[in-house]
There are 2 protein chains.
Amino acid sequence: MTESSRKSAYGDAEARRRMTLDAAAELLDEGGYAALTIRSVAQRSGTSTGLIYQYFADKQEIFIALLGESQTESAAFVEALPRDRGVAALIASVIPQTARQWVRVGRLIATWRTVEGDARYERESVAEVRETTRLYNEALRSALIEAASKEGRCLRDDPALLPFVLSGLMGISDTLVNNWPTDVDPSDLIDFAAEAITRGITAPDTAGQPGPATA
Amino acid sequence: MTESSRKSAYGDAEARRRMTLDAAAELLDEGGYAALTIRSVAQRSGTSTGLIYQYFADKQEIFIALLGESQTESAAFVEALPRDRGVAALIASVIPQTARQWVRVGRLIATWRTVEGDARYERESVAEVRETTRLYNEALRSALIEAASKEGRCLRDDPALLPFVLSGLMGISDTLVNNWPTDVDPSDLIDFAAEAITRGITAPDTAGQPGPATA
DNA sequence: ACCTGAACACCGTTCAAGT
DNA sequence: ACCTGAACACCGTTCAAGT
């Protein structure tokens with residue numbers, strides 16, 4: 001029997017963590033942030049409030065774990081995306097995925113600082129999330145570069161490019177999820193945003209048509 | 001004595017409302033969302049928790065009032081902005097203003113739905129905020145159109161344009177306020193974003209240089 | 001050794017009691 | 001007539017007590 005499969009007389013720690021996270025995600029999807037209480041998580045995952053605190057230091061820690069998983073999932077999604085349909089198509093595919101994650105986890109990001117105040121946040125779990133964030137960012141950067149090059153185009157060379165794209169995805173996702181503008185079709189917004197962001201981040205064509213250089 | 005200057009033996013209702021909102025805004029600026037409790041608002045504005053509920057139906061109503069004031073202020077800011085320095089310069093000026101408002105009020109927007117659940121929200125105050133939102137949006141639209149025309153350029157004709165710009169401003173503001181990317185200078189992000197959004201929303205020049213048509 | 005849930009210090013909100 | 005603040009039903013979190 002390996003170390004990792006060790007179970008207690010009452011339950012497997014890893015499985016218990018998983019059940020807690022699954023219950024939290026379900027509650028979030030069903031009833032939003034307001035429905036996510038420690039008591040309801042405990043009830044749904046079949047434990048007690050006290051026991052949850054043996055696997056998570058506090059409620060924030062549950063958010064952080066969910067956020068990390070969401071980012072890892074998004075990174076895999078981006079890595080699997082086809083590169084051969086151009087930058088705008090790539091971005092148009094990423095937007096709905098971002099929005100989907102935003103429903104569950106975006107509020108948490110938004111509430112994070114807010115709830116914490118300034119709290120110097122040097123928990124280990126935060127460092128882990130920073131790493132998954134980095135992996136997601138790199139996945140997106142590669143995807144953009146590759147999609148551009150398949151189109152015979154170049155991305156602008158600016159360190160602010162990726163933060164701009166990430167900010168844009170976030171803003172559009174928030175707009176889609178909360179549907180602020182009532183008079184525009186979501187898919188029209190997605191298409192316009194994808195093309196506008198693409199115009200924003202690609203370098204001007206040297207020639208008129210994509211293809212080998214010199215007209 | 002006019003109707004509007006009517007005061008009670010104990011205090012002026014309008015003044016009391018004002019003091020409540022000022023106290024709420026101060027608490028928000030000082031300690032973030034977590035510091036904004038009804039008890040602390042009551043203490044700071046020199047009333048009691050009970051009395052606050054005579055002027056605001058609930059805590060959300062305080063947010064909504066703050067949000068409306070913030071939007072009105074932003075609309076005035078945008079209207080006062082010079083048009084003669086081009087679209088990108090205009091946007092670069094709007095970003096810090098949006099970010100400033102975002103610190104105070106953005107969280108509230110983000111938390112709104114979240115806190116409410118789906119609650120069919122047909123309070124009068126929400127209708128008012130919708131109106132101030134509309135006024136802000138129109139101010140921004142006019143400013144963009146005028147700045148473009150002074151440059152001899154045109155905005156793209158698409159109903160998704162304004163929602164895209166608003167989403168972008170929101171996303172960038174959130175990134176600035178929470179400084180997600182640690183390795184990029186905020187003012188570099190602002191400049192890049194302003195230019196990228198401009199490239200995204202302006203129609204391609206017919207001629208090379210701005211100026212009268214035909215090259 | 002592991003797990004529970006009453007207890008604690010908060011929160012938003014109400015309403016009987018004071019002035 | 002206007003105002004207060006104890007009381008209520010929650011929340012996140014802890015820890016004595018159970019098994």
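Chain A is the first sequence line, chain B the second, and so forth, proteins listed ahead of strands; every chain is numbered from 1.
The 12-atom threshold is exceeded at NZ of A:K59, counting heavy atoms of other residues, nucleotides or ligands nearer than 6.0 Å. By the 6.0 Å contact criterion, CD on B:E131 is enclosed, its count of non-hydrogen atoms from other residues, nucleotides or ligands being greater than 12.
Residues passing the side chain to side chain donor-acceptor pair (under 3.5 Å) test with B:T49, sequence neighbours excluded: none. For the side-chain contact (heavy atoms from CB on, under 4.5 Å) test, residues two or more places apart in sequence or in another chain that qualify with B:Q54 are B:L51. For A:R199, the side chain to side chain donor-acceptor pair (under 3.5 Å) test picks out no residue, with sequence neighbours left out. The side chain to side chain donor-acceptor pair (under 3.5 Å) check on B:Q97 picks up B:S74, B:R100, with sequence neighbours excluded. The ring-ring contact (aromatic ring centres under 6.0 Å, His included) search around A:F56 returns none, not counting sequence neighbours. Remark: B:D188 pairs with B:V184, B:D185 by the side-chain contact (heavy atoms from CB on, under 4.5 Å) rule, at least two apart or across chains.
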Could you go through nucleotides 10-12 of chain C and list every protein N or O atom that sits under 3.5 Å from one of its N or O atoms, giving the distance for each pair?
{"unit_1": "C:dG12", "atom_1": "OP1", "unit_2": "B:K59", "atom_2": "NZ", "d": "2.5"}
{"unit_1": "C:dG12", "atom_1": "OP2", "unit_2": "B:I38", "atom_2": "N", "d": "3.0"}
{"unit_1": "C:dG12", "atom_1": "N7", "unit_2": "B:R39", "atom_2": "NH1", "d": "2.8"}
{"unit_1": "C:dG12", "atom_1": "O6", "unit_2": "B:R39", "atom_2": "NH2", "d": "3.0"}

What would the secondary structure line of DNA chain C be in dot-bracket form, counting Watson-Crick and G-U wobble pairs under 3.5 Å, with [ ] for pairs that cross earlier ones and | for pairs with another strand? ||.|||||...|||||.||
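Contacts between residues 17-25 of chain A and DNA chain D, counted as heavy-atom distances below 4.0 Å, involve no residue at all.
When the P atom is used for both D:dC8 and C:dA7, the distance is 16 Å, rounded to whole Å.
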Kindly list each side-chain donor-acceptor pair under 3.5 angstrom involving residues 156-165 of chain A, sequence neighbours excluded, with atom names and distances?
{"unit_1": "A:R156", "atom_1": "NE", "unit_2": "A:T202", "atom_2": "O", "d": "3.1"}
{"unit_1": "A:D158", "atom_1": "OD1", "unit_2": "A:A160", "atom_2": "N", "d": "2.8"}

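Among residue pairs with one or both ends in residues 17-29 of chain B, those qualifying as salt bridge (Lys or Arg N to Asp or Glu O under 4.0 Å) are B:R18-B:D22, B:R18-B:E69, B:E26-B:R44, B:D29-B:R104; sequence neighbours excluded. Residue pairs meeting the salt bridge (Lys or Arg N to Asp or Glu O under 4.0 Å) criterion with at least one partner in residues 70-93 of chain B, sequence neighbours excluded, are B:R83-B:E146.
One interatomic measurement links the two molecules: CD of A:Q43 to P of C:dT4, which rounds to 13 Å at whole-angstrom precision. In this structure, CG of A:L51 is placed 14 Å from C1' of D:dC15, rounded to the nearest angstrom. In this structure, B:Q54 places its CD atom 13 Å from P of C:dC15, rounding to the nearest Å. Atom-to-atom, CD1 of A:I52 to P of C:dG5 comes out at 13 Å; the value is rounded to the nearest Å.
Taking the side chain of A:S48 as heavy atoms from C-beta on, and the options C:dT13, D:dC3, C:dG5, the nearest nucleotide is C:dG5.
Between B:R16 and the phosphate of D:dC2, there is no side-chain N or O to OP1/OP2 separation shorter than 4.0 Å.
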